[in-house]
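Input: a single structure, listed below in structure tokens.
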Amino acid sequence: MKLFYLLLLLAGSTAAFHLDTSGRREHPTLPSEALTTEASQTEAKSHFAMLDDVRLLANGLLQLGQSLREFVHKTKAQINDIFHKLNIFDRSFYQLSVVTSEIKEEEEELKKTTNILKANNEEIRNLSLEINTKINNILQERTQLQSKVGSLEERLKGLSQSMIPADQLREITTLKEVIEAQEKTITSLLIAVKEQHDQLDHQKIKIKNLEEKLSFNSFQLTVDKAMDSYHSTTDKFEYLQINSTDLPVDCSELFTRGEAKSGVYAIKPNQSEPFYAYCEMSSDQGFTVIQHRADSIVDFDQTWEMYQNGFGDLEKDFWLGLKKIYTISQLGAYILRIDVEDWKEEKHWAEYSFSLEGPSKDYTLHVSHFAGDLPDAMTNLTGSRFSTKDKNNDNSCNSDCARNCTGGWWLNACSETNLNGKYFSLRAFGRSVRRKGIQWGPGTMPLYSLKTSKISLRVMPVTDSGN
């Protein structure tokens, strides 16, 4: 603006200078009336020249401003993408830090266990050495006793040739019985020691196997946790590279198989590769959740490609992906359920019969109101194509609604319903700001950003589809 005023001032000064110099020119050969007429014509031409200069400058400044505006919009979009990637990196880094700390704690516990096992192994080794020493001593004593018994037998043979008194004979017989009993005791003791030695060897093998198993389990646990952390941040929305025909086609079939716990499960609709989805189980049916909003961690102002593939965290805030939603909708008749909660903690819901066209039709939406206490704000979107900030399919509106409202949605003449808008932690002031939020605008209730939203699919019961 300062540059514009400076250029105007310069143009005015130039024009004034031309007027002043033209007015002061001398015309000695012309009469005074001719001089007056010529001065008036020159002044008029100078005025027109000054206006043309101003117009040229104004057009140049307008073009410059338009270029700056486009540059600011592109820079802002790039900055938003950078912030989104930084958020993903921060979450991944935090999760990896948590996994690393858990692995370190488990490693410390394994070290303690290994130290205890090493101490026990050392005790067993010392005990085995002590037993071997005792066995050697016993064997030496046995050898000595055998030599004594041999000498006694020789003496008995020598005495048997002469007359032996009765007292000595009884003493010899008693000594022989004692020696035989001691030999039996030594033999049984040797057997017991051998058995104990075998048990110790077996225990040493079990301890070694246990150490190897603990080491392998620690490594496997580390790998599994790292892979879990990686999959939770990057692969949850990619198709699974597995060949399985036993997976349920959706969460409703998973419920009929007996699963009653809500959580992330792998499903495989017909004509689709398997993928993860969040299944919410009630007491009588299963819902396939396709969108959830509860905080501002995940940025929903994404590109067309991201809305096709899906993004976010399946256990928190996410968009499942238009490709996956379309494959589920091709399985049969479905009910689209919408649950919202405002900042007064008042909850409302609505259900619509639902179908979706494919990517060639930009996922055109077809709904009709079915039930619920939430005023109808979706029926007027029937026939609308999905739009994002980089692909506007709202042909009935001149402006780029997806960019003005933020977030991808089915837009019809810049409608005021968009559950993928910007998340505001409090009610936003100003209609232009509220238009960018999570909003439900049927025209009969105030337009303001909601606290939470959830969109899910369930199979239409036969009785309802028949009606």
Side-chain angles (χ1 to χ4, degrees), residues 1-22 42-87 296 298-307 311 362 384-418 420-439 441 447-449:
M1 186 61 71
K2 290 181 179 180
L3 178 61
F4 177 70
Y5 285 138
L6 182 60
L7 291 172
L8 285 179
L9 181 60
L10 180 60
S13 300
T14 305
F17 175 75
H18 285 300
L19 288 173
D20 185 58
T21 54
S22 63
T42 303
E43 183 178 358
K45 290 180 179 179
S46 299
H47 278 296
F48 284 123
M50 180 179 68
L51 289 175
D52 290 338
D53 292 339
V54 170
R55 288 193 187 97
L56 288 173
L57 289 171
N59 288 332
L61 289 172
L62 286 174
Q63 292 178 359
L64 178 62
Q66 186 68 23
S67 299
L68 288 173
R69 182 181 179 186
E70 293 176 356
F71 176 75
V72 168
H73 281 305
K74 291 180 180 179
T75 305
K76 185 178 179 180
Q78 292 174 356
I79 290 173
N80 288 334
D81 291 337
I82 291 171
F83 277 126
H84 176 62
K85 292 177 181 179
L86 286 174
N87 288 332
S296 60
V298 178
D299 182 12
F300 272 66
D301 192 18
Q302 298 291 337
T303 61
W304 177 263
E305 182 180 2
M306 294 296 288
Y307 267 98
F311 56 87
D362 295 325
S384 300
R385 299 183 177 221
F386 200 86
S387 293
T388 59
K389 63 182 181 180
D390 59 340
K391 188 171 184 178
N392 179 28
N393 290 317
D394 187 6
N395 297 323
S396 60
C397 185
N398 293 328
S399 64
D400 190 343
C401 297
R403 179 170 294 280
N404 292 335
C405 299
T406 75
W409 194 251
W410 294 275
L411 299 174
N412 182 13
C414 296
S415 58
E416 295 181 339
T417 296
N418 183 0
N420 287 337
K422 183 178 179 61
Y423 189 93
F424 294 111
S425 58
L426 294 173
R427 177 173 176 172
F429 294 97
R431 187 177 183 85
S432 61
V433 178
R434 291 199 299 271
R435 281 179 63 86
K436 298 179 182 293
I438 307 173
Q439 55 190 4
L447 178 65
Y448 62 95
S449 189

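- Between atom CH2 of residue Trp409 and atom CD1 of residue Ile438 there is a gap of 10.5 Å, rounded to the nearest 0.5 Å.
- For the atom pair CZ of Arg69 and CD of Gln66, the computed distance is 6.0 Å after rounding to the nearest 0.5 Å.
- When all heavy atoms of Ser387 and Leu411 are compared, the closest pair comes out as CB-CD1, 4.0 Å.
- Between Phe386 and Tyr307, the two ring planes are tilted [angle within 30° to 60°].
- Taking CG of Asp81 as the reference point, atom CG of Leu86 lies at 11.0 Å (rounded to 0.5 Å).
- Here the side chain of Asp390 pairs a donor or acceptor atom with the backbone of Trp304 at under 3.5 angstrom.
- With values rounded to the nearest 0.5 angstrom, Leu56 atom CG is found 11.0 Å from Leu51 atom CG.
- Distance check, rounded to the nearest 0.5 Å: OG1 of Thr75 to CG of Leu68 gives 10.0 Å.
- Atom NZ in Lys389 sits 9.5 Å away from atom CE in Met306 (nearest 0.5 Å).
- Contact between Thr388 and Gln302 at its shortest, heavy atoms only, is CB-O, 4.0 Å.
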